[in-house]
Number of protein chains: 2
Amino acid sequence: MEKEKADKKDRILDVAERVFSEMGYDGASTRLISGEANVNMAMLNYYFGSKEGLFVAVFERKIYSFKTLLQPIIGDENLSPWEKLERCIDIYIDRILINSCFHKLVNREISLNRHGEVNDKITDILMVNALEFKKVMQEGVDNGSFFEAADIELCVATIFGTKNYIINAPHIASRLLGKDVFDQHFLETEMNQRMKTYMKRLLKSYLVITNDRTN
Amino acid sequence: MEKEKADKKDRILDVAERVFSEMGYDGASTRLISGEANVNMAMLNYYFGSKEGLFVAVFERKIYSFKTLLQPIIGDENLSPWEKLERCIDIYIDRILINSCFHKLVNREISLNRHGEVNDKITDILMVNALEFKKVMQEGVDNGSFFEAADIELCVATIFGTKNYIINAPHIASRLLGKDVFDQHFLETEMNQRMKTYMKRLLKSYLVITNDRTN
DNA sequence: TTTGCTTAATCAATCGTTTGATTAAATTTG
DNA sequence: CAAATTTAATCAAACGATTGATTAAGCAAA
């Protein structure tokens with residue numbers, strides 16, 4: 001009973017997450033979601049109060065800052081700023097590519113400024129994550145191991161933006177890369193490694209001081 | 001008469017572009033658009049046939065490849081691959097920041113794969129532009145002036161993705177940068193210069209070979 | 001008069017939500 | 001234990017509101 005209820009709620013949330021991410025909030029009707037989840041329409045309101053309530057629930061199940069994951073790395077005094085950044089990138093890319101459909105949803109709905117409740121919460125969490133990356137890079141700049149004139153705020157935009165570009169428009173990314181970005185297995189293995197390698201090399205060559213640095 | 005009609009159509013298109021980009025296609029009702037444009041609702045269908053027709057018209061007015069802008073640069077034999085890339089970045093950023101609200105619309109609706117007609121057209125155009133950038137970078141790799149193992153496809157993702165991150169979620173970007181990204185004047189002046197400087201330095205340090213290159 | 005533009009009124013369809021009835025399990029009562 | 005009562009889950013049906021679209025009449029200009 002308890003179990004079945006939890007199962008059904010989870011099934012609804014799974015379907016809702018997928019349908020929302022495919023059709024957008026407005027494009028996804030409660031009838032379609034309930035239909036695909038094989039539950040009566042009224043169950044959505046019974047469990048979640050409203051369509052917006054369901055939307056919020058989809059987020060609350062998944063969204064949480066991984067500040068707690070990043071903190072021990074950032075606080076580790078044995079690691080150089082660059083080593084910290086490397087590990088943060090690894091953790092971030094791992095998490096993103098596993099939940100790519102969810103992050104697609106996040107990015108689309110956050111560009112619409114509605115759903116005040118959800119939006120504010122997500123904005124806060126995204127900001128926390130962004131600021132963690134910024135903090136690590138600032139540390140590198142401050143201790144002189146990173147390029148002093150580095151635009152670390154735009155570096156944050158690059159880290160998140162490069163990922164978004166692949167995730168948000170998979171059919172474009174597929175054509176660009178010549179790979180099937182819709183394939184979850186490809187994302188979690190080959191793409192995962194490729195993005196990590198690329199992000200680190202890109203940022204290292206920009207941030208980490210070697211010798212000459214002409215404009 | 002001719003003039004007034006054109007004016008009215010343009011006014012509708014201006015409003016539609018803004019409302020679509022603020023609310024999304026599904027979130028924007030024809031009543032709201034016609035209301036804000038101060039025209040009768042039926043005028044939308046009279047001029048554009050349908051809501052989707054209006055949507056298409058919004059795109060057709062603005063979307064076109066700037067391959068023609070890039071071609072003379074790419075074809076110029078007096079320019080090195082890096083010099084070509086620099087100029088392409090300049091042109092690209094100029095164009096994007098002027099039409100930021102439109103590109104926000106493009107990016108959201110392309111992540112939803114509906115509107116087959118528009119989507120296919122936009123995808124093609126975006127691909128053309130992406131492939132132009134890729135071509136320039138490939139040239140640099142081929143002639144040995146660029147890092148041979150450079151992941152130029154992900155470089156494309158970085159160029160477009162970094163821009164999207166700023167444009168798509170301006171309220172997040174505003175908090176990250178400590179600036180008002182909604183301010184069109186700021187975008188077209190300060191942000192414009194800052195993004196150009198950053199993109200060039202970032203890509204140059206990654207692509208252009210200087211001396212050592214350890215992982 | 002004919003043509004092109006404009007309007008208010010109206011259309012069927014779909015939206016998210018609510019309802020009241022039904023079922024089954026859990027709990028209380030005798 | 002058995003009977004009575006409460007609670008939770010589920011459903012088909014219907015609600016009012018809003019959607020995009022159409023109509024037919026009115027209007028102005030050529």
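Chain letters run A, B, ... following the sequence lines, proteins first, then strands; residues in each count from 1. On a predicted model such as this, the values are computed, not experimentally measured, just so you know.
- Taking side-chain N and O atoms only, A:K8 has a distance below 4.0 Å to OP1 or OP2 of D:dT10.
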Distances for protein N/O vs nucleotides 20-24 of chain D N/O pairs under 3.5 angstrom?
{"unit_1": "D:dG20", "atom_1": "OP1", "unit_2": "B:A28", "atom_2": "O", "d": "3.4"}
{"unit_1": "D:dG20", "atom_1": "OP1", "unit_2": "B:K51", "atom_2": "NZ", "d": "2.7"}
{"unit_1": "D:dG20", "atom_1": "OP2", "unit_2": "B:T30", "atom_2": "N", "d": "2.8"}
{"unit_1": "D:dG20", "atom_1": "OP2", "unit_2": "B:T30", "atom_2": "OG1", "d": "3.0"}
{"unit_1": "D:dG20", "atom_1": "N7", "unit_2": "B:R31", "atom_2": "NH1", "d": "2.9"}
{"unit_1": "D:dG20", "atom_1": "O6", "unit_2": "B:R31", "atom_2": "NH2", "d": "2.9"}
{"unit_1": "D:dA21", "atom_1": "OP2", "unit_2": "B:N45", "atom_2": "OD1", "d": "3.2"}
{"unit_1": "D:dA21", "atom_1": "OP2", "unit_2": "B:K51", "atom_2": "N", "d": "2.7"}

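- For B:K104, there are no side-chain hydrogen bond (donor to acceptor under 3.5 Å, both in side chains) partners at least two apart in sequence or on another chain.
- Judged by the 6.0 Å and 45° rule, A:R95 forms a cation-pi pair with A:Y64.
- Annotation for A:R61: atom CZ counts as buried by contact number, over 12 foreign heavy atoms lying within 6.0 Å.
- Ion pairing between a basic and an acidic side chain is recognised when a charged N comes within 4.0 Å of a carboxylate O; A:R194 and B:D151 show such pairing.
- In this structure, B:F20 and B:K51 have side chains that are in contact, with non-hydrogen atoms separated by less than 4.5 Å.
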Close N/O contacts between protein and nucleotides 25-28 of chain D (under 3.5 Å):
none

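- Per the geometry, CD1 belonging to B:I33 stands 15 Å off C1' belonging to D:dT18, to the nearest Å.
- To the nearest angstrom, P of D:dA13 lies 18 Å from CE of A:M43.
- A:K9 has its NZ atom 11 Å from the P atom of D:dT10, to the nearest Å.
- At the phosphate of D:dA8, neither OP1 nor OP2 sits under 4.0 Å from any side-chain N or O atom of A:Y47.
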A:T158 vs B:Y198, side-chain hydrogen bond (donor to acceptor under 3.5 Å, both in side chains): CA-CA, chis, key distance, verdict: CA-CA 10 Å; A:T158 291; B:Y198 167 75; 2.5 Å; yes
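- Rounding to whole angstrom units, NE2 of residue A:H115 and P of C:dG16 are separated by 12 Å.
- Between A:F48 atom CZ and C:dG16 atom C1' the separation is 16 Å, expressed in whole Å.
- Between C:dC5 and B:Y46, a contact under 4.0 Å exists linking OP1 or OP2 to a side-chain N or O.
- Side-chain contact between B:L112 and A:E22 is absent, with no heavy atoms from C-beta onward closer than 4.5 Å.
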Working for side-chain contact (heavy atoms from CB on, under 4.5 Å), residues B:E86 and B:L79: CA-CA 10 Å; B:E86 272 192 316; B:L79 297 175; over 6 Å; no
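- Side chains of A:N168 and B:N107: a donor-acceptor N/O pair is absent below 3.5 angstrom, by distance only.
- Taking atom CG on A:L44 and atom P on D:dA12, their separation rounds to 14 Å, with Å as the unit.
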